[in-house]
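Taking it in order: structure first as structure tokens, then the write-up.
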Amino acid sequence: MMKKGILALSDLSKENFEELFKRAIELKERRKKGITENILAGKTAGLLFDKPSTRTRISFEAAMAQLGGTAVFISAKDTQMTRGEPVRDVARVFSGYLDALVIRTYAQSLLEEFAEFSDIPVINALTDLYHPCQVLSDLMTVIEYKSGYNDLKIVWLGDGNNVANSWINAAAVLGINLVLACPEGYFPDKNIMEKALEKQCGQITITPNASEAVKDADVIYTDVWVSMGDKEGEAKKQVFAPFQVNSELLAKASKDVIVMHCLPAHRGEEITEEVLEGSRSVVWSQAENKLHMHKAVLEVLISR
Ligand code: CP
Ligand code: NVA
């Protein structure tokens, strides 16, 4: 699946993950040393976005530029798709112009249809179901701070959303000990969880008890309670209150715990200002690493 693109992390092998981690870390070091790259000279990636983005769009655009290639931003609403042009037509047309297509949209099925009718790699930059590139760069951050991901207790707190689903996929392939603490009714996707457990590689558990879950955690990860396109909105917030990442919860974790958030953060909701800006938070490195990981992803998919 790596050759065809990245639609979900369940399609990657452990070797695929390891290759991306290694290359992203190398590319980061090279950039810090001021070394410039020309690996994707003459190549063009299209960025088709149907939802807002602060990080993913800009880091993919910068990644292409820094590898010597070009990124073309395509606002989905400005294409003929809004007037009913079929995905299968757009996919074939784009394949003639571009060397890769990065897509942020609602339905995973739309992304899959693009991949089916494209001759170029298609990369998932977030759907309602998954956010695979986010979790790739998050794991890179975990490796940097914890020297690996084995023997760690990684705890997800909050909504069982797209980022949580990608964590489950990654945990199943890499054998990660992942505990997801979510309110009843907001557990991650049942099918994804079942498939992950069939692989029997990771130790993945779900609980509605946040304070139990964070005991001795090495990594605490949270995300917004209301995702883009989530119709339930504000009504959710009361149910999620016990899942807020605050100092009280943090005190139960390992003393070396790192706190992660894919951002954007809502201070006072899923995380307090104190924790987000505190000494255990690695959110800014996490955001930076999206650039380095996206470079590795683009290089591997386009140049090989
Ligand atoms: N973390 C993340 O994907 O952020 P954006 O929505 O700003 O791209
Ligand atoms: N779960 C969030 C992630 C944003 C990067 C959303 O889908 O809105």
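For the single chain, residues carry numbers from 1 onward in sequence order. Source: prediction; values computed, not measured. Both ligands and their constituent atoms are indexed starting at 1 by order of listing.
The shortest N or O to N or O distance between R57 and ligand 1 is not below 3.5 Å. Annotation: P264 places no N or O atom under 3.5 Å from an N or O atom of ligand 2; distance criterion only. Considering backbone and side-chain N/O atoms, M228 never comes within less than 3.5 Å of an N/O atom of ligand 1. For ligand 2, the polar-atom distance check finds no N/O of R104 at less than 3.5 Å from any of the ligand's N/O atoms. In terms of N/O distances under 3.5 Å, ligand 2 is not approached by H131.
Checked against E288 for a salt bridge (charged side-chain N to carboxylate O under 4.0 Å, His left out), the options R55, K32, K295 give a single hit: K32.
Given atom 4 (O) of ligand 1, the protein heavy atom at minimum distance is R55 NE, 2.9 Å. Atom 8 (O) of ligand 2 has M228 N, 2.8 Å as its closest protein atom, hydrogens excluded (heavy atom only). Closest to atom 7 (O) of ligand 2, if we only count protein heavy atoms, is N162 ND2, 2.8 Å.
Atoms of ligand 2 found under 4.0 Å from any heavy atom of L263, numbered from 1 in the order shown, are 5 (C). Taking every non-hydrogen atom of L126 and a distance limit under 4.0 Å, the qualifying atoms of ligand 2 come out as 3 (C), 4 (C), 5 (C), 7 (O). Counting atoms of ligand 2 from 1 in the listed order, those under 4.0 Å from a heavy atom of N161 are 1 (N). Short contacts between ligand 2 and D223, defined as distances under 4.0 Å to a heavy atom of the residue, involve ligand atoms 1 (N), 2 (C), 3 (C).
Residue K51 places every heavy atom at 4.0 Å or more from ligand 1. Contact annotation: D128 has no heavy atom less than 4.0 Å from any atom of ligand 2. Residue L263 places a heavy atom under 4.0 Å from ligand 1.
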